[in-house]
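All residue numbers refer to positions in the sequence shown, counting from 1.
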Amino acid sequence: MGTISVYEAVTLDGVMQAPGRADEDDRGLFTHGGWAVGYTDDVLTSFAQRSMQGSTGLLLGVRTYYDLLRHWTAEAEPNMYTDALVDAPKHVVSRDPATPIPYPNSTLHVGDAHLTVRRLKETWDGRLTVLGSGELVASLDEAGLVDEYVLLVHPIVLGSGHRLFSQEHPRHLRLVEAVPTSTGVLACRYEVGVSPAP
């Protein structure tokens, strides 16, 4: 049985939409793309590397799969992010069986996410990491399939945009690790499903 770790950059008000680039995702007339740019330091880089080291594969929604791989494989200079993304096993969740998956080491899982990912989780050995993929995360969260949230909480309030936790159902998280950075980002790791002490 594998585990699922959701790794996201979020604002203080929970927005996860388009942290990396202005043109990353403007759905819903979102105009704040690229809000996380400039907040990376050595502490955050080290935390990110440690967080990804134990991952045995990526779990992605279709939109994030295309955007992430298209962006990083278009970079002119070789870099560790491109190599890591291309080399990692990538599991792409879609309702459309005709969805093309053109990048190496990619497997398409067709159907409702809570069913396809549950089957994958039951047969997977190790930790699957979800990057971005807001709709996929919401479906997995609602189905109780997320084991861990790794959140990079940025000191920004946007007031609009797609939020990580938009479903109205309670969940208990236990803080496992919290690392402050020099830029005000708080890198946190939460275990899911642990009730607070009475």
How far does [atom1] of [X] sit from [atom2] of [Y], to the nearest 0.5 angstrom?
X	Y	atom1	atom2	result
Leu68	Thr82	CG	OG1	9.5 Å
Leu136	Leu60	CG	CG	8.0 Å
Asn105	Lys90	CG	NZ	5.0 Å
Thr56	Leu128	OG1	CG	5.5 Å
Ser139	His114	OG	NE2	6.5 Å
Arg174	Glu148	CZ	CD	10.5 Å

### Query
Judged by modelled atom types alone, do Tyr65 and Ser106 share a side-chain donor-acceptor pair under 3.5 Å?
yes

### Query
Taking atom types as modelled, is there a side-chain donor on Asp96 or Ser94 under 3.5 Å from an acceptor on the other?
no

### Query
Are Leu175 and Tyr149 grouped together when hydrophobic residues (ILVMFWY) are joined by side-chain heavy atoms under 4.5 angstrom apart?
yes

### Task
Check Thr129, Val93, Val6 against Leu59 for a side-chain contact (heavy atoms from CB on, under 4.5 Å) and give me the one that passes.
Val93

State, with a plain yes or no, whether a side-chain heavy atom of [X] is found less than 4.5 Å away from one of [Y].
X	Y	answer
Thr31	Asp26	no
Phe30	Val15	yes
Val10	Val153	yes
Glu122	Met1	yes
Leu44	Thr183	no
Val62	Val92	yes
Pro89	Trp124	yes
Val43	Ser182	no

### Message
One thing to verify: whether Arg27 and Glu135 come together as a salt bridge, which I'm taking to mean a side-chain N less than 4.0 angstrom from a carboxylate O.
### Response
yes

### Task
Determine the interplanar angle of the His91 and His109 rings, folded into 0 to 90°, and report it as parallel if under 30°, tilted if 30 to 60°, perpendicular if over 60°.
tilted

### Message
Can you tell me if Arg171 has over 12 outside heavy atoms packed within less than 6.0 Å of its CZ?
### Response
yes

### Message
Does Asp125 have more than 12 heavy atoms from other residues, nucleotides or ligands lying within 6.0 Å of its CG?
### Response
no

Judged by atom type as modelled, is there a donor-acceptor pair below 3.5 Å linking the side chain of [X] to the main-chain atoms of [Y]?
X	Y	answer
Asp13	Gly159	yes
Trp35	Gln17	yes
Ser133	Val130	no

